[in-house]
Amino acid sequence: MNAAVRAVVRTTIACGGESWAIYEGYKGLVEGGRFFKQFSWYDVGGILHKGGTIIGTARSAEFRTREGRRQAVLNLIQHEIYNLVVIGGDGSLTGAHVLWQEWPELVAELVEAGALEGPAERYPRLRIAGLIGSIDNDMFGSDMTIGADTALHRIVDAIDAITSTAASHQRSFVVEVMGRNCGYLALMGALASGADWVLIPESPPNVENWEDKMCDVLRRGRAIGRRDSIVVVAEGARDRNGNPITSEYVRQVIEERLQEEVRTTILGHVQRGGSPSAFDRNLGTILGYHAVNHLRTLTSDEEPVVVGLRGNRVSFTPLSEALEKTRAVYEAIKAQEYDRAMELRGPSFKE
Ligand code: F6P
């Protein structure tokens, strides 16, 4: 995300604008004051190689309330900020959409309450560009979300490391990876590391006795001399009936049926940290640059967009569409319509 922050700040300044950072996400937006800081060109120097975000992030209960969002509008107007780049996942971008939708009413309420000088029409409507910052790669609007490639590298490095022990001891390992309801990291991590089996939320095993089938694959691998066996489990994996498939369950199944010790590694937050990959740095830079350029072309009332990368091209998707299509995948998974879920995830995932 730092590459995106840097690009947004520097593009704005290069275009003659002022750039402000809002620290701690929506919490800072609601609290105002010290959370708003004007950034110079040099404030974003030397951050490309740093993981996470130098401006912090936080969940905000206040922003979920109308009063909180009204305060956020007041803080933005008091700083004369009418262009906002939001970098975040599904939750942050949903919040951005709500803020945009309510903006005219909240301004009118602030004028009514005497917090802003009237008339309400004198205040431009907020323009928003969203960048998807999420390791999960779970949102419509970009083939890759900022952070996903780095997390994938962490996962593949970890599996490679585990493979050494697995091969030396002829052991099976179950590796659990993050991703919430999205199987991207598990699927691509398994593919890149040559794992034996992978379990993801969008495409549960389509046979009743998948446990037998999985153990057969592991057994056959051993029979032809394969020394390491790796099963990757997405944290949101489930069976055809929607019941979670946990890494612990998979471990027990393999242990019982193969009659050998099986180890589980839950990769956890190591996947979310560390220095970003070159791809992620450049993705953040390109999208940050285009987000600012896009905002400059907008007239006041246009819908917010998600700036992403689709088919190797920078793309601009209406935020509402990106959110709806993202939700549609979750709905399909919940309804156990797995073919539809895979279809909605798009060709690269499905193929
Ligand atoms: O959305 C990113 C993510 O890392 C998910 O993959 C994971 O389920 C979740 O966040 C973990 O959240 P927390 O850090 O709050 O435990």
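Start at 1 and go down the list; that is how both ligands and their atoms are numbered. Quick note: numbers below take in every heavy atom, side chains included, and nothing from hydrogens, waters or symmetry partners. Quick caveat: nothing in here was measured; it's all calculated off a predicted structure.
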* Is ligand 1 less than 4.0 angstrom away from at least one heavy atom of Gly179? -> yes
* Structure fact -> atom 2 (C) of ligand 1: closest protein heavy atom, distance to 0.1 Å, is Asp136 OD2, 3.3 Å
* To do: Using distance alone, with no hydrogens and no angle criterion, decide if Glu248 and Gln252 have a side-chain donor and acceptor under 3.5 Å apart.
  => yes
* To do: Taking only heavy atoms of Arg272 into account, list the atoms of ligand 1 that are under 4.0 Å away from them.
  => 2 (C), 3 (C), 4 (O), 9 (C), 10 (O), 11 (C), 12 (O), 14 (O)
* Distance only, no hydrogens: is a donor on one side chain within 3.5 Å (strictly under) of an acceptor on the other, for Glu260 and Ser172? -> yes
* For the residue pair Thr326 and Asp90, confirm or rule out a side-chain donor-acceptor distance under 3.5 Å. => no
* Considering the heavy atoms of His269, write down every atom of ligand 1 situated less than 4.0 Å from one of them. => 13 (P), 14 (O), 16 (O)
* Distance to 0.1 Å, residue and atom name: give those for the protein heavy atom nearest to atom 9 (C) of ligand 1. => Arg180 NH2, 3.6 Å
* **For atom 7 (C) of ligand 1, the protein heavy atom that lies nearest, with its residue and separation** => Glu235 OE2, 3.3 Å
* Asked: Can you tell me if Arg180 and Ser134 form a side-chain donor-acceptor pair at under 3.5 Å?
  -> no
* Among Arg70, Arg125, Arg66, find the one that has a salt bridge (Lys or Arg N to Asp or Glu O under 4.0 Å) with Glu102. => Arg66
* To do: Below 4.0 angstrom from a heavy atom of Arg59, which ligand 1 atoms are there? Numbered from 1 as shown, please.
  => 15 (O)
* To do: With heavy atoms only and a cut-off of under 4.0 Å, state how Gln271 meets ligand 1: side chain, backbone, both or neither.
  => neither
* To do: Run through Glu303, Gln101, His97 and flag the one making a side-chain hydrogen bond (donor to acceptor under 3.5 Å, both in side chains) with Ser320.
  => Glu303
